[in-house]
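Everything on this sheet refers to the single structure shown next.
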Amino acid sequence: MHRGLLGDQGWMAEALHVSNGDGTDLAGTGLARRIVFWRDVLHEGPVPAVGREELRRVRAAFLAGRDDRGEVLRVFLERDAAVEANRGGEYVLWFEADLYDQLQIVEILAWLKELGVAAEAVTLICIGEYPGIARFGGLGELRAEQLRALPATGACARLSPAALELASRAWAAFRAPTPEGLAGVAAVRSGELRFLGEAFERLCREYPSTRDGLSLAERRVLAAAAVREGAAGDVFVRAASREVRPYLGDTSCFAMMDRLAGGPYPLLDVRPAGVPVGRATVVRLTAVGARVLAGEEDQVGLNGVDRWIGGVHLRGREVRWRWDEGREALTT
């Protein structure tokens with residue numbers, strides 16, 4: 001077993017630490033001197049099977065609606081340069097169980113494999129719960145001393161070549177132009193990447209349902225709006241509470257409400273109209289939205305779809321791939 005897992009954590013100070021965001025106080029642990037944050041919402045927007053440089057451009061262009069495109073690209077370049085420059089050293093990855101983080105993990109591990117980094121140079125610290133926290137939201141909820149204790153727990157694992165191979169397979173399946181490979185990853189049960197299968201099953205449920213043409217997240221937003229007319233911020237809280245793991249942030253959820261309020265047959269009515277949905281926007285389920293939610297109408301048939309899920313671009317009023325509620329499987 002690696003020295004770091006036996007309690008001697010001094011080696012960690014020399015490693016490159018990678019995490020999902022600067023809300024986690026890695027610096028305060030005293031374990032991390034060099035830290036890289038992986039800021040990308042990979043389950044939103046296009047993630048095609050292109051080279052690293054082109055992928056940076058694609059992702060920066062997608063995220064530019066929230067930030068300056070040049071600034072996003074600069075952050076990606078600095079992040080990737082730090083990871084590549086460390087290829088002869090050790091890596092410590094700090095992540096969580098939700099889909100947002102699991103996609104980041106497989107991207108990083110697949111790239112490390114491409115760079116020729118040995119599996120034994122990679123340590124993964126990944127948790128989905130924490131004692132005393134009823135609904136664990138992420139590493140950012142933990143104090144520095146709690147984070148510092150994680151390397152000595154079962155949440156910490158020195159990875160094997162099989163884990164890097166699995167991550168590469170998952171990353172390729174996610175970026176493929178068709179979704180046939182997703183089910184195989186969703187069925188995986190790995191002791192090292194132990195939340196990966198669960199995350200990919202959640203990803204599959206974002207395909208339009210055979211029942212109503214809604215993704216799972218869209219259905220939960222509509223159901224939350226059906227409770228009563230109210231502020232978008234309250235709808236977001238109700239919808240988010242239905243997720244087993246954290247899924248959508250409020251900004252992404254408000255953008256989804258905008259989409260559901262558009263098209264020839266809006267499923268949501270939002271006020272004031274004509275401006276982006278924000279926390280105080282008043283949201284109400286329309287009569288059409290109620291029929292779709294009841295399974296009497298199909299959202300894709302009514303309004304069409306134009307959405308990327310990884311490398312798959314769903315477009316139009318007829319889509320080949322859907323989530324079959326009865327079989328709990330993707331149609332292919």
Side-chain angles (χ1 to χ4, degrees), residues 43-45 98-100 103 173-174 176-187 197-230 232 235-248 252-270 277 283-332:
H43 61 275
E44 295 182 31
D98 55 78
L99 177 62
Y100 176 94
L103 290 176
F174 175 62
T178 62
E180 286 88 351
L182 297 181
V185 180
E198 172 193 326
F200 266 64
E201 181 177 352
R202 179 63 186 83
L203 177 70
C204 290
R205 293 173 186 267
E206 281 304 290
Y207 278 79
S209 168
T210 55
R211 175 181 178 271
D212 51 25
L214 296 169
S215 72
L216 179 56
E218 288 171 338
R219 187 179 304 113
R220 284 175 169 166
V221 166
L222 292 184
V227 172
R228 59 181 175 276
E229 178 178 308
V235 172
F236 162 68
V237 170
R238 288 197 294 271
S241 71
R242 298 293 304 280
E243 295 285 349
V244 176
R245 309 282 186 195
Y247 181 68
L248 287 178
S252 297
C253 189
F254 297 154
M256 179 179 291
M257 292 179 197
D258 270 324
R259 294 193 297 271
L260 292 170
Y265 301 95
L267 308 191
L268 290 177
D269 175 65
V270 297
V277 171
V283 178
R284 179 182 64 85
L285 188 70
T286 66
V288 176
R291 291 199 299 273
V292 171
L293 192 58
E296 298 168 1
E297 300 275 6
D298 186 271
Q299 159 68 349
V300 174
L302 289 173
N303 293 312
V305 63
D306 184 1
R307 180 186 180 186
W308 286 85
I309 301 178
V312 178
H313 193 182
L314 301 173
R315 287 180 290 185
R317 286 184 167 80
E318 293 184 13
V319 294
R320 174 181 173 187
W321 302 287
R322 289 197 179 218
W323 178 255
D324 187 320
E325 300 285 340
R327 294 172 49 240
E328 292 198 335
L330 281 174
T331 60
T332 55

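Every value quoted in this text rests on a predicted model; they were computed, and no experiment measured them.
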Minimal non-hydrogen separation, [X] against [Y], with atom names:
X	Y	answer
Trp321	Tyr207	O-CD2, 3.8 Å
Leu268	Ala225	CD2-CB, 3.8 Å
Ala217	Glu206	N-OE2, 3.0 Å
Ala239	Ala224	N-CB, 3.8 Å
Val221	Cys253	CG2-SG, 3.8 Å
Arg219	Ser209	NH2-CB, 3.2 Å

Check: [Y] main-chain N/O paired with [X] side-chain donor or acceptor under 3.5 Å:
X	Y	value
Asp269	Thr286	no
Arg291	Glu297	no
Arg220	Arg238	no

**Prompt:** Who pairs with Trp308 by ring pair (Phe, Tyr, Trp, His ring centres under 6.0 Å), at least two apart in sequence or on another chain?
**Reply:**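 With neighbours one apart ignored, the set is His313.
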In Å, rounded to the nearest 0.5 Å, how long is the span from [atom1] of [X] to [atom2] of [Y]?
X	Y	atom1	atom2	value
Asp98	Leu248	CG	CG	11.0 Å
Trp323	Leu203	CH2	CG	10.0 Å
Leu182	Ile309	CG	CD1	8.5 Å
Asp298	Arg211	CG	CZ	11.0 Å
Leu216	Cys204	CG	SG	11.5 Å
His43	Phe174	NE2	CZ	9.0 Å

**Carboxylate-amine/guanidinium contact Glu44 Arg307, below 4.0 Å** =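 No.
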**Prompt:** Would you call Glu198 and Arg202 a salt bridge, taking side-chain N to carboxylate O under 4.0 Å as the test?
**Reply:**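 No, no charged N to carboxylate O under 4.0 Å.
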**Asked** Under 6.0 Å from the CD atom of Glu318, do we count more than 12 heavy atoms belonging to anything else shown?
**Response**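 Open.
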**Asked** Any chance CZ of Arg242 has more than 12 other-residue heavy atoms, nucleotides or ligands included, within less than 6.0 Å?
**Response**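 Count not over threshold, so no.
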**Request:** Report the residue from Leu285, Asp212, Val288 that forms a side chain to side chain contact (heavy atoms under 4.5 Å, CB included) with Leu293.
**Result:**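 That would be Leu285.
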**Verdict with reasoning, Leu260 to Glu218, per side chain to side chain contact (heavy atoms under 4.5 Å, CB included)** = CA-CA 8 Å; Leu260 292 170; Glu218 288 171 338; 4.3 Å; yes
**Asked** Please walk me through it: do Val300 and Leu314 pass side chain to side chain contact (heavy atoms under 4.5 Å, CB included)?
**Response** CA-CA 10 Å; Val300 174; Leu314 301 173; over 6 Å; no
